[in-house]
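Just below is one structure, and these are the notes that go with it.
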Amino acid sequence: MATIGDVGRDDLDFIELTDLDSGSIATPTANMDRNDDSTSSMDAVYFSTVVRSRSSNLSRIDENSSDQADPLLQHNTALLTTVSLPLDPHPMISQAWESLRNSIVHFRGVPVGTIAALDDSDEKLNYDQVFVRDFVPSALAFLMNKEHAIVKKFLKLTLRLQKRKKIIDRFQLSPGVMPASFKVKHEAGKKHESMVPDFGGTAIGRVAPVDSGFWWIILLRAYTKSTGDKSLADTDEFQEGMRLILDLCLSEGFDTFPTLLCTDGCCMIDRRMGLYGYPIEIQALFYMALRCAKNLLKNDDKQGKELMEKIELRLKALSYHMRNYYWLDLKQLNDVYRYKTEEYSHTAVNKFNVMPDSLPDWIFDFMPHRGGYFIGNVSPARMDFRWFCLGNCITILSCLATTEQSNAIMDLIESRWEVLIGEMPAKICYPALENHEWRIITGCDPKNTRWSYHNGGSWPVLLWLLTAASIKTGRRHIAKRALDIAETRLLKDNWPEYYDGKHGRFIGKQARKLQTWSVAGYLVARKMFDDPSHLRMVAFEEDKHLSPQHRRSKSL
């Protein structure tokens, strides 16, 4: 029986090695026939502040692409502002590109991803593997630099790995599960290379990565938007891969919520941190992946139409649920504070029977008069009021957050800059778990002590998400302020994985140096800030059909 293990030559014959020409790029085609609602009214945001850098040593521009060939630029010429920049706008950019290129992993001479870190520590752990979620900012950087081939190969390879029979401790995983990571294995004394995927069987806690499939779909859309070529997504293999992921998420069960039930350790926070239940990061990624799949999937047969109908229904239910039950601003906080309990019938206000006494003390000082955010988790008798940066930024980019809510999130970031951004953007979650709460929730995890790692640490990779959210909401000054902070430290500190301390002042006690997604996160943020048109790859415009009534934010 086939199990998780080495993937040899026969398993990967479908990857056409001959089409990997690093200089060859798919030119835009007329194959973008399914509507993508990310490129209409947001154009004004994209192009009103476009900055063009023509540094020949920093970017490789496709000969077939030009501003004149872009229809969005054609009908936004009045908004396009060109600013003359020096050839090297910041000296750390070229060094960041060098580090990113040094992290590239090859399989039979073909670049297929980037390793997690180039740290020369003797204890490699799994930092020498290619992680799906870690590669996303690297892929975006390559796409923004018109280097599409490595992203295409990564998408193909991980799709092939998805098709493997996955058995962990005699239990067979669903066909839709994407790998958390993979490693190229070089056999001593032999020229043969093999591919070793991990679907959670060797991860801490042995948890399958729920987010990998979502990131894969999001990256496929980004690739399609960047190249203008939909032929890859239209292949039978890619259509089936997306359907397998969605079948896993849209399957019927005992759920009464449209959110996905998950265990701890299933996403970027891959250790025990109290995320079990319905964490905001997974719900936001789920929503965005559904919107991406809606644009990429074919619906020209009965199966396609049925799946599209399921996607539409889940999007509507999920947006309603999240906008109403996860949203917290000053008014809603006051409502929770006054909740009655043990309510029955459809007229209940406290639908999840949350106890007002469970409100943490810190939340009353943390919540500003203007601002709000999506809390970390909602389930029966439980609300996790912690702030999670990734989940909230994705709600903005995917338009899970309404325009009012998006602006309120940015108001909160500005109001609580010292604790959410501090001396290194950005805090992965706030506040940190401490004392007895830390012992109970983390199991006394020595790596997740207060204000360290996942427990309130500051992660530079989040800079690209913060920048994207800032540009989308018209708050470029927030992105500039965060970039200015990062550019004073990241290169000098040799691109750490994370920073410790309440304000992110110290390099993480166990942080790897030359962390690839810290490098890539900065490059994506910088390129997106200099040319906001890149935002189209990772952002949507609000869908009016997915706008049920919700509680208004007090931010406006």
Side-chain angles (χ1 to χ4, degrees), residues 37-38 42 45 133 136 210-211 214-215 217-218 221 249 257-260 262 267-269 275 277-294 314-329 332 367 371-378 383-414 416 420 426-430 462 464-475 478-479 535 537-544 546-553 555-556:
D37 50 8
S38 64
M42 279 203 296
V45 176
R133 75 174 68 93
V136 170
V210 177
D211 64 336
F214 300 150
W215 280 122
I217 294 175
I218 292 167
R221 175 185 176 270
C249 302
F257 311 143
T259 43
L260 289 180
C262 307
C267 54
M268 177 182 176
I269 299 179
L275 267 65
Y278 306 87
I280 178 63
E281 178 173 333
I282 292 299
Q283 315 314 322
L285 287 172
F286 180 34
Y287 184 87
M288 188 164 189
L290 286 174
R291 293 203 66 179
C292 291
K294 180 183 173 184
R314 182 58 70 92
L315 282 169
K316 291 179 180 178
L318 188 58
S319 61
Y320 178 86
H321 185 89
M322 298 296 295
R323 292 170 181 177
N324 284 282
Y325 304 130
Y326 276 68
W327 182 252
L328 190 73
D329 55 20
Q332 179 62 10
M367 182 60 68
Y373 66 104
F374 290 90
I375 62 175
N377 217 313
V378 176
M383 297 179 77
D384 182 352
F385 292 94
R386 285 177 294 175
W387 153 271
F388 290 88
C389 180
L390 191 152
N392 274 274
C393 287
I394 292 293
T395 65
I396 293 175
L397 298 179
S398 65
C399 286
L400 174 54
T402 65
T403 301
E404 292 179 356
Q405 290 171 337
S406 295
N407 285 320
I409 292 171
M410 302 312 294
D411 286 341
L412 177 78
I413 291 174
E414 287 197 273
R416 298 294 177 258
L420 299 183
K427 193 69 69 180
I428 189 172
C429 68
Y430 179 88
L462 298 173
W464 81 265
L465 285 161
L466 176 64
T467 300
S470 300
I471 295 172
K472 187 173 185 295
T473 54
R475 310 284 187 96
I478 294 179
L535 183 62
M537 285 193 287
V538 294
F540 280 93
E541 184 182 1
E542 186 169 6
D543 188 339
K544 302 303 181 183
L546 302 175
S547 301
Q549 291 185 352
H550 59 278
R551 298 182 178 92
R552 290 182 57 84
S553 168
S555 182
L556 299 180

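Note that the structure is a prediction, hence the values are computed from the model and not measured.
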How far does CG of Leu285 sit from SG of Cys249, to the nearest 0.5 angstrom? 11.0 Å
Does the pair Cys389 and Lys427 meet the rule for a side-chain contact (heavy atoms from CB on, under 4.5 Å), with working shown? CA-CA 7 Å; Cys389 180; Lys427 193 69 69 180; over 6 Å; no
Closest approach of Tyr287 to Ser319 (non-hydrogen atoms, all atoms of both residues): CE1-CB, 3.9 Å
Reported CD1-to-CZ distance for the pair Ile217 and Arg221, which is rounded to 0.5 angstrom: 12.5 Å
Give the minimum heavy-atom separation between Ala284 and Leu400, together with the two atoms involved. CA-CD2, 4.1 Å
Which pair of non-hydrogen atoms, one from Ile396 and one from Ser406, has the smallest distance, and what is that distance? CG1-OG, 3.8 Å
Can you tell me how far apart CG (Asn392) and CG (Leu412) are? Round to the nearest 0.5 Å. 8.0 Å
What residue among Leu318, Ile280, Asn377 forms side chain to side chain contact (heavy atoms under 4.5 Å, CB included) with Thr259? Leu318
Minimum side-chain heavy-atom gap Val538-Ile218 below 4.5 Å: no
Least distance between heavy atoms, Trp464 atom then Val136 atom: CZ2-CG1, 4.5 Å
Any donor-acceptor pair under 3.5 Å linking the side chain of Arg291 with the backbone of Phe540? no
Do Arg133 and Trp215 touch side chain to side chain, with heavy atoms closer than 4.5 Å? yes
Check against side-chain contact (heavy atoms from CB on, under 4.5 Å), Trp327 and Glu404: CA-CA 11 Å; Trp327 182 252; Glu404 292 179 356; over 6 Å; no
Cation-pi check for Tyr373 against Arg416: NZ or CZ below 6.0 Å from the six-membered ring centre and within 45 degrees of the axis, yes or no? no
Determine, stepwise, if the pair Phe388 / Ile269 fulfils side-chain contact (heavy atoms from CB on, under 4.5 Å). CA-CA 10 Å; Phe388 290 88; Ile269 299 179; 3.8 Å; yes
pair Leu275-Cys267: side-chain heavy atoms closer than 4.5 Å: yes
Do Gln283 and Phe374 have side chains that get closer than 4.5 Å, going by heavy atoms? no
Got Thr395 and Met322 here, is their nearest side-chain heavy-atom distance under 4.5 Å? no
Do Ile375 and Asp384 touch side chain to side chain, with heavy atoms closer than 4.5 Å? no
Heavy-atom side-chain contact between Arg475 and Asp411 under 4.5 Å: yes
How long is the gap from OG1 on Thr402 to CG on Asn407, to the nearest 0.5 Å? 8.5 Å
Side chains of Tyr326 and Met383: does their closest heavy-atom pair fall under 4.5 Å? no
So which heavy atom on Cys399 is nearest to which on Lys472, and how close? SG-NZ, 3.2 Å
About how many Å separate CD of Glu281 and SG of Cys262, when rounded to the nearest 0.5 Å? 10.0 Å
With rounding to the nearest 0.5 Å, note down the distance linking CE in Met537 to CG in Leu397. 12.0 Å
Under the side-chain contact (heavy atoms from CB on, under 4.5 Å) rule, what do Ile282 and Phe214 come out as? Steps first, then yes or no, please. CA-CA 9 Å; Ile282 292 299; Phe214 300 150; 4.1 Å; yes
Nearest heavy-atom approach of Ser470 to Thr473 is O-OG1, 3.2 Å
